[in-house]
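In what follows, chains are A, B, ... by sequence order, proteins preceding strands, each numbered from 1.
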Number of protein chains: 2
Amino acid sequence: MAASSSLTVSQALIGRTTGSHSGSTSKSDRLALPGFGLRTLAGRGIKSQSLRVAGSRKRVGTRSTTRAAAVETLDKTETELIEKSINTIRFLAIDAVEKANSGHPGLPMGCAPMGHILYDEVMKYNPKNYTWFNRDRFVLSAGHGCMLQYALLHLAGFDSVKEEDLKAFRQWGSKTPGHPENFETVGIEVTTGPLGQGIANAVGLALSEKHLAARYNKPDSEIVDHYTYCILGDGCQMEGISNEACSLAGHWGLGKLIAFYDDNHISIDGDTEIAFTESVDTRFEGLGWHVIWVKNGNTGYDEIRAAIKEAKAVKDKPTLIKVTTTIGYGSPNKANSYSVHGSALGAKEVDATRKNLGWPHEPFHVPEDVKKHWSRHVPEGAALEAEWNAKFAEYEKKYKEEAAELKSIITGELPAGWEKALPTYTPESPADATRNLSQQCLNALAKVLPGLIGGSADLASSNMTLMKMFGDFQKNTPEERNVRFGVREHGMGAICNGIALHSPGLIPYCATFFVFTDYMRAAIRISALSEARVIYVMTHDSIGLGEDGPTHQPIEHLASFRAMPNILMLRPADGNETAGAYKVAVSSRKRPSILALSRQKLPNLPGTSIEGVEKGGYTISDNSSGNKPDVILIGTGSELEIAAKAADELRKEGKAVRVVSFVSWELFDEQSDEYKESVLPSAVSARVSIEAGTTFGWEKIVGSKGKAIGIDRFGASAPAGKIYKEFGITAEAIIAAAKAIF
Amino acid sequence: MAASSSLTVSQALIGRTTGSHSGSTSKSDRLALPGFGLRTLAGRGIKSQSLRVAGSRKRVGTRSTTRAAAVETLDKTETELIEKSINTIRFLAIDAVEKANSGHPGLPMGCAPMGHILYDEVMKYNPKNYTWFNRDRFVLSAGHGCMLQYALLHLAGFDSVKEEDLKAFRQWGSKTPGHPENFETVGIEVTTGPLGQGIANAVGLALSEKHLAARYNKPDSEIVDHYTYCILGDGCQMEGISNEACSLAGHWGLGKLIAFYDDNHISIDGDTEIAFTESVDTRFEGLGWHVIWVKNGNTGYDEIRAAIKEAKAVKDKPTLIKVTTTIGYGSPNKANSYSVHGSALGAKEVDATRKNLGWPHEPFHVPEDVKKHWSRHVPEGAALEAEWNAKFAEYEKKYKEEAAELKSIITGELPAGWEKALPTYTPESPADATRNLSQQCLNALAKVLPGLIGGSADLASSNMTLMKMFGDFQKNTPEERNVRFGVREHGMGAICNGIALHSPGLIPYCATFFVFTDYMRAAIRISALSEARVIYVMTHDSIGLGEDGPTHQPIEHLASFRAMPNILMLRPADGNETAGAYKVAVSSRKRPSILALSRQKLPNLPGTSIEGVEKGGYTISDNSSGNKPDVILIGTGSELEIAAKAADELRKEGKAVRVVSFVSWELFDEQSDEYKESVLPSAVSARVSIEAGTTFGWEKIVGSKGKAIGIDRFGASAPAGKIYKEFGITAEAIIAAAKAIF
C-alpha cells in the first residue's frame, strides 16, 4: 500500500500515522509535540535480537533482516511523566476495584505500560466521537481487566467514563460494568469477558478493515486504513476459539492485526505451569504469525514501542507481541500471584502499593501534569477526524458510487427498497429445500446489500451459502465476499461478531449444520448480548437430514435458542417464509437471527408470506368462522407441510381447522394481544403442535389441554422418511391427537 | 517403565507387545507367525530423515538420533496379501456406502493402510470380548469415515459387524450407524462425528491409562498397559477443541497416545488451501508433541510401521504421525477431490475403481486368504486376555487391596454403602454456598469412590473442586486425582467423556462457571448421547454471582439443558440437596449430570432431603390438608429459600401453602402419576414458580393459570442482592403473584 501524502501534527506520534502503516520515516515524525515532546527516530535499523522464549530452548524467529524502526530513548523528564501516567492507570484500577470490593486489579497493573503506549502514543481515535469510522480498533480480550480500558478511556477524554463512572465501577446502572460491554460504554468495541472471544472479534475487525480497504481504497486515497489492537492473556490463549481465529488470521495475512499477549504466567488456579506449558510462540509461528517477544513489559517502554514498529512493518502477517509482565505489578506482597488476579487488594496492600510505587495521591486522583498531557487527545482526535472527513469529501468527488456505498456501510442505512430484491413464491413453484431457498435469498440480497459478507464452516456446498457473483475473501483477494471459515464454528461466530460491530452496515452471515451451533454457542450468546446483527444460516435442522444420525440431528436446539434473550430463532417452512426470515434478519439492526433450514425438499404452501413471518406466527389456512376453529394445528419449518396435510384430512371429515405457522416465537410474543388472540384464540384449547424437535416449551403454545408432537429423545441413523415415521412425526399422529382432544 | 518379562506368540507382531512399549528388540519379534509370517527387525537403526512439511519451509524436528526401530521390507507374497486386505477394507467401505447411497467413502479408501496396520499388526484386543480392560483403545476422530472401522471390526471377527450389518449401513436399527456410536456398536470406544471430539476423547482415554498405570502397576507387574490410537483429519485439526486437548496431552506427556493425522488436503469445501494453511507440524511441536511425517500413506506400509515404532519409543510425549494420503485412493476420477468425501461413488465410478485396483469381486466380498489371515485375531485376542487374566490373578495374590480397587474400576461396581459417606445437614447447619457444599461432597466421595477423578477449567478455587486428600494429576504425578484443565472447557468435557468411557468405574467430574457450559456444550451433548457418566460441577449459576455481569450470568442455561435428552439437570438448594444431587449423579451409570451451584450462601432449609432429590420434585413444607393447598410455590436452587420465605408470609395471612423443591425436572418426570399428583395436584392451578433464569418451559409446571417468576433478559453488573431486587426475584413478587391468582 502506498504511503499517505501528508501528515498532520497529531499523526506524528510514533506509528500514529493516518495514511501510512509503512515503517518509513517522515519529516513530521521528528516534530516536537506540545505538552509531551515524544520524539521518534524511525528507520534507525536496530539488528533484530535472537528472541528466546522463556521456559523453552526454542528459537523464535531467526530473522536476519534489520528491524524496520526503533525509538530513541526518551529523556528523564519524559520518562518520569510516562511512569506517572502509567501509575495513574494502575491506581485508577486499584482504587475502583477497592471501592467496588470486586474486580480484577492484576491485569491493569501489569498491562498499564502497553495500555498507555497504545492509547497515548499509537492509536488514532476521536474521544468525542468514538464512532468515527477510520479509528483504530482496540479489543481487551482479557475482559476481566476492564479497569485498564476504563482508566484509559477516562484519561483520553471519553465522556462515557468520567470520575463518577470510575467510582461506580461494577454498580447497578453504571457505565463501567464488570466486563467491557459495547452496549453500555461508548469507546468499547465489542463485549468481552468470556475468554478467547475478544481475540476472535479482533480478527473480525481486522478482516473488515482489510476487506473494506481492498474494496474502497484508491491509488490516490487510502480512505480505509486502521489497525486493530488486542490484548489477550493466558486464558484467551488456552481457549480453542483463539486458536481457530488466529489460524484464520494467519491464513488471511491480516497484517494490520497486532495482538499483545500478556504473558504473566499466572492464571486463577496459580502458575500457568500447572496446565499451560506449550510454546505459544512456536504455535503462532505455525499459525503463520509474526512473533515478537518483549521481555520486560513492566518498564521496557522502548521495547514495547519497538515491537509495535516492527509489527507494523510486517504487512503480510498478523503479529503477536508476547509481552512478559508481572501481574499486579507494584503490589509488594501480591504481585506475581493469583491473589491479585480477581480480588481487591485490600486497604493494607493498597497502602503498601502506594508506598512502593511512590504514589501519595488520594484515590481516583489524576495528577495535573498527567491530565494536561492526555488533554491533547480531544483536539487531536477531532483533527484526525476532520482530516479524514476532508479526505472523504475529496474521495466522494472522484468516486461517487464507491463513496455512496461506503457511506451506507459506515452509517448502516440500507438502500431504499432493498427488500424488494427478495424472491417470492407461489404454491406452483417447485418444491425445494429451505437451504436452497436461502441461497436464492442470499444471492438476491448480495446484489443490493453492499455490506453482506459471509460464509460457512467448510460446508458451503451443504449450507448453500455461496454468493455466486463474488469470489473468495482470501489473503490476495480481500475485496471478495465469500468467507471460507474452515471447520471452525466457534471462531466463525466470534469473527462475525467483530465484523458486525466494525461498521453498522456490515451484515455478516455464517453457516454450519444446526446441531453444531453447540460448538459456537458462546459466540452466538455474545451476538445476542452485544446486539450484533449476525445472521446464522443453520441448515440440516432436524432428523430430516437422515443417515448422519443422532450426532448430527438437532433435537433441543430450537428450544435452547428460544430460551436465549435478544435473538430471533426463525424456522421458515418454504420459499416465502425463507424470504421473510431474511427480511426480518436484515431489518433487525440490534439483534442476531438464527435461520433453521431444511436439508430436504419442502413444497411451497398456500398462505405463507413474508408479512406473516414478520409477525412470528400467523394463520396460513382456515375453514372456520368467527375465530372458533374446532382445532388449531401449529407447525414450524418442515413440519408445517405435515400440519397442512393433516388439516386437509380433518376438513374432509367436516372439521373446522386452522393451520398456524409459528416461524418465530419471539416475533409472535412482540405482537399485540389482539393479534395474538386472532391467531390463537384463548377460547380454543384444542391445539396440536408438531415440530421435529423437543416438545420442551410447547406447553406455552398448546396449553395444558393441547398436545405437542415432537421428539424428546436423540435421533437415529436412517433415511429421513423412515425416521419421521418411526418417531411419529406424521399427519396421522396429528389427526389422532386432534381427535383425542375434540 | 520396565519391559515385560515374557512375550507370547500373539504379541510378537510389530509393536504388539503386552508389557513393553520400549523399542528394544526381542527374540519373539522374529517369530514366524501362522498364516501371515510378518517379520520385524527391531533396532536396525535407520537414520532419521530431515522431515519437511509440505507447503512450508520449516524443518520439523531436527532429531539427530537414530530411529528406534524399523521394519524389514516384506517379501512380495506378503505385500500382496496386505494390499489385498487393504483393498478389502476399501471395497467394503465403497460397497456399503454405495448400497446405502449415503456415507463417506473417501476417508476409508485413503486410510485403509493405516487402519489395516493398526488392527492387524499393532493393536491388542479380543474380538469376542471387546470390553477386556487392557485392550488398546482406538478412536476414529474423523467419525464420518466410520466404514473404515466397521470394515476393520468385521475383518477382525467382532460379532457386532457381520456381513448383514455392513449391508445395513446407515439403516434404521442397524449396528452400523452413520457415525461411530459406542452405544450401538460393540467395538466402538466413543461416539464421534462432531469434529475434534474424538481426539479429545482419546486424550481422556490416554490420561486414564496413565493414571491407572501409575496407581496400580507394580515393579513386577504392569497390569495396566495399553496404547490409545486415534485417526483425525483436517477437520478435527481445525477445531479449537483439538488444540485444547492436544495442548493438555503435551503438557501431561501422554507418551502412549499416538495420533494419525490423515493429511489429505481435502475438506468438504475443496482443497484445504482455501482455509487451512497453517503448519500443523509446527503447532504440534509447540504443543509439546513428537511429530513424524509419513509422506506416502497410500502405499508406504513400512513408513507407517516405522513411524509407529518411533512413536512408541518416545515415552514422554504424545506423537502425531502426519500421514499424507489421497482421499478416495483408487478411484480414478474422484480421488483427491471433495466429491469423494461424503457421497457414494456411483455405480460407474465403483466399476472404474474396481478395475483400477484390480478388484474383480462382488460387493461385500472378503477373499478367502484375507479372511484366513484375519482369522487369527479371535484366538490371539482370547490368548491375550487369558494371559492378562492370569497376570491379574497373580497380581491379586500379591496386591489384594489394589486388585480389589482396580477391579471395581474395571467393573464399575460401586463399594457397598458408598452413599453413606455423603454429608447431611440440618436447618441449624451454617448457611453456605452450594459450591462449598459440593466440595464437601466431593471430598467425602473421594474417600470411598476409587474412580473419582476430575477438576476445573482454571477455576478450582471458585468452583471448589479440589479433593484435598490428593495432589495434582501431572506428567510426573499421574497417580494423583485433581486434574488441572486450564481454561479449556470444551477440551475438558470431551476428555471427561474419554475418561468415563475408558472404564465403567471411572467417574470424572469437571467444572467451570455455569454460563461457560456454552463453551463445552457439544461435549456435554456427546456425554448425554454416548451415556457417559460425567458429573458437570457448574457453579455461579445465576445473577447471584453479581458484579461480573451479563457475560457471566446464565439465564437460558437451565432450560437449554432441561431440553436436552438423557442428561440430568440438577439445581440443589442447600446441603442435603447437594448431597442428593451427588447421590443421583454417581448412581446414574448411563447418563451425565449437571449440578448448578450457587456462588452465594444459602440457608439449610427444613424439609430438604437426599430422598427428595431422588424424586426430582417434592414438598418441603405444607400447611394444607387433603392435598388441596391454596397455592403451590415452586422453587429451585437459590430461589427455594425465597419461596419458603414467601410461604411463611402467606401462611401468616392464613393461607394454606405448599412449597415444592423442583431440583430436577427429568427425575420428576420419571415418577409415577400418583406421586406427581401428590406433589402437584391437578386440581390446584394456583401455582407460582420462582427461578433466577428464563421462564421458558415453566408453563408446563405452573400451567396456564399459574405464574412463572424468572428473568427473560440478560443480567447486569452489580452486587447480587441489588440485581435480585431490581429483577423482581423476591418474596414480595411471589406474594403478589400468589394473591393475583387466589
Side chain, backbone, both or neither of [X] within contact of chain B (heavy atoms, under 4.5 Å):
{"X": "A:L248", "result": "side chain"}
{"X": "A:T191", "result": "side chain"}
{"X": "A:F169", "result": "neither"}
{"X": "A:P180", "result": "neither"}
{"X": "A:A559", "result": "both"}
{"X": "A:F714", "result": "both"}
{"X": "A:W252", "result": "neither"}
{"X": "A:S267", "result": "both"}
{"X": "A:T192", "result": "backbone"}
{"X": "A:V515", "result": "side chain"}

Next item on the list: Run the ring-centre check on A:F561 versus A:W665 and record whether the distance is less than 6.0 Å.
Entry: no
Notebook entry, point to check: Looking at A:E244, A:E547, A:K700, which one has more heavy-atom pairs under 4.5 Å with chain B than the rest?
Noted result: A:E547
Next item on the list: Establish, from distance only, whether the side-chain atoms of B:H557 and B:D518 form a donor-acceptor pair under 3.5 Å.
Entry: yes
